[in-house]
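So the structure is just underneath, and the comments pick up after that.
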Amino acid sequence: MYIKGRGVPQDYASGMRWMRIAADKGLADAQNEVGILYQRGWGVERNEAEATKWFRLAADQGLAIAQNNLADTYFLGLGVPQDFGEALRWYHLAADQSSSYAENVIGIAYEHGLSVAQDYAEAFRWYRRAANKIYERPGNTWIHSPQYNIAAMYASGRGTAQDYVLALMWFSLAAAFGDTKPPGPLGIKLVDTSKYTALEQRDRLIALMTSAQIKEAERLAREWRPHPIVTIEPGAK
């Protein structure tokens, strides 16, 4: 309540004091929140190394959001040496819990060959897993949403057959889900993220399409519903 300013004036220091009591008792959600407060310098002096410590405590308990936060510290080099391999290990653990954010970043790793062999088909597979869900971090603009990323692959024919109709469908969904801002400089520097917004990409694509194609893409976007793709893995013999 203190952190969010609900019912009381917003007071990060008081929020941190109470959150730390819960975190010290081992509550994973509280440990993750303490990590966020340290990372952002809210109610306490900013300390990325301390943030990483608290993210790890929560991640070790299996909390997916903390696993993503810990993975981010390694992927972006925040408070720890940059280590794509260690980041992917934690993203995979979060992806095992159906985290669309983790799946999206794994797709980026395969698209750009970060600690794994560059593989557009594998990148497409991970983007598709994430894009068929409601994206859990629409406000995180260091990378584009999975809906945007899969649209870009359909538009360019990387990892899948080129298909402007499906590309327009997914760019439209990306815009509807909030991917409407230019990416942050970190994403551009790290993975050469496209500077165009989903709205700009949508308009660029429309200029190349027939009216019938545009109508079909609009229909598909209207009729889309979340439907996570479940991959059936062969069992151990």
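It should be emphasised that the depicted structure is a prediction, and the values quoted were computed from it without experimental measurement. Each residue takes its place number in the sequence, starting with 1. The analysis underlying the following values was restricted to heavy atoms, covering all of them including side chains, and did not include hydrogens, waters or symmetry mates.
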Give a yes or no on whether a salt bridge exists between Asp60 and Arg56, defined as a side-chain N under 4.0 angstrom from a carboxylate O. no
In the structure I gave you, are the side-chain heavy atoms of Arg158 and Glu111 within less than 4.5 Å of one another anywhere? yes
Tell me, which pairs form a ring-ring contact (aromatic ring centres under 6.0 Å, His included) where one or both residues lie in residues 201-222, sequence neighbours left out? none
In this structure, which one of Glu136, Arg129, Lys133 forms a side-chain hydrogen bond (donor to acceptor under 3.5 Å, both in side chains) with Ser100? Glu136
For the residue pair Asp179 / Tyr135, report whether a side-chain donor-acceptor contact shorter than 3.5 Å exists. no
Nearest 0.5 Å, please: how far is CD1 in Ile108 from CD1 in Ile143? 3.5 Å
Side chains of Glu50 and Gln39: is there a donor and an acceptor less than 3.5 Å apart? no
Considering the options Tyr154, Trp170, Tyr110, which one meets the ring-ring contact (aromatic ring centres under 6.0 Å, His included) requirement together with Phe124? Tyr154
Just to verify, what does Tyr148 make a ring-ring contact (aromatic ring centres under 6.0 Å, His included) with, not counting sequence neighbours? His144, Phe171
Contact list for residues 174-200, test ring-ring contact (aromatic ring centres under 6.0 Å, His included), sequence neighbours left out: Phe177-Trp224
Ring centers of Phe84, Tyr74 separated by less than 6.0 Å: no
Inspect the contact between Asp11 and Arg17 and indicate whether a charged nitrogen and a carboxylate oxygen are less than 4.0 angstrom apart. no
Between Arg202 and Glu200, is there a side-chain N and carboxylate O pair less than 4.0 Å apart? no
Please list all pairs passing the salt bridge (charged side-chain N to carboxylate O under 4.0 Å, His left out) test where one or both residues lie in residues 81-101, with sequence neighbours left out. Glu86-Arg89
Heavy atoms, side chains only, cut-off 4.5 Å: are Leu37 and Ile3 in contact? yes
Which residue pairs pass the salt bridge (charged side-chain N to carboxylate O under 4.0 Å, His left out) test when at least one of the two sits in residues 204-220, sequence neighbours left out? Glu216-Arg219, Arg219-Glu223
Does a donor on one side chain and an acceptor on the other come within less than 3.5 Å for Tyr12 and Gln10? yes
Check whether any side-chain heavy atom of Met19 lies under 4.5 Å from a side-chain heavy atom of Gln31, and answer yes or no. no
Should the ring pair Trp126 and His92 be called parallel, tilted or perpendicular, given that the plane angle runs from 0 to 90° and is split at 30 and 60? perpendicular
Only counting residues at least two apart or in another chain, list the ones meeting ring-ring contact (aromatic ring centres under 6.0 Å, His included) with Tyr164. none
Taking the side chain as every heavy atom from C-beta outward, state whether Thr197 and Thr180 have any pair of such atoms under 4.5 Å apart. no
Return yes if a side-chain donor-acceptor contact under 3.5 Å exists between Asn104 and Ser145, otherwise no. no
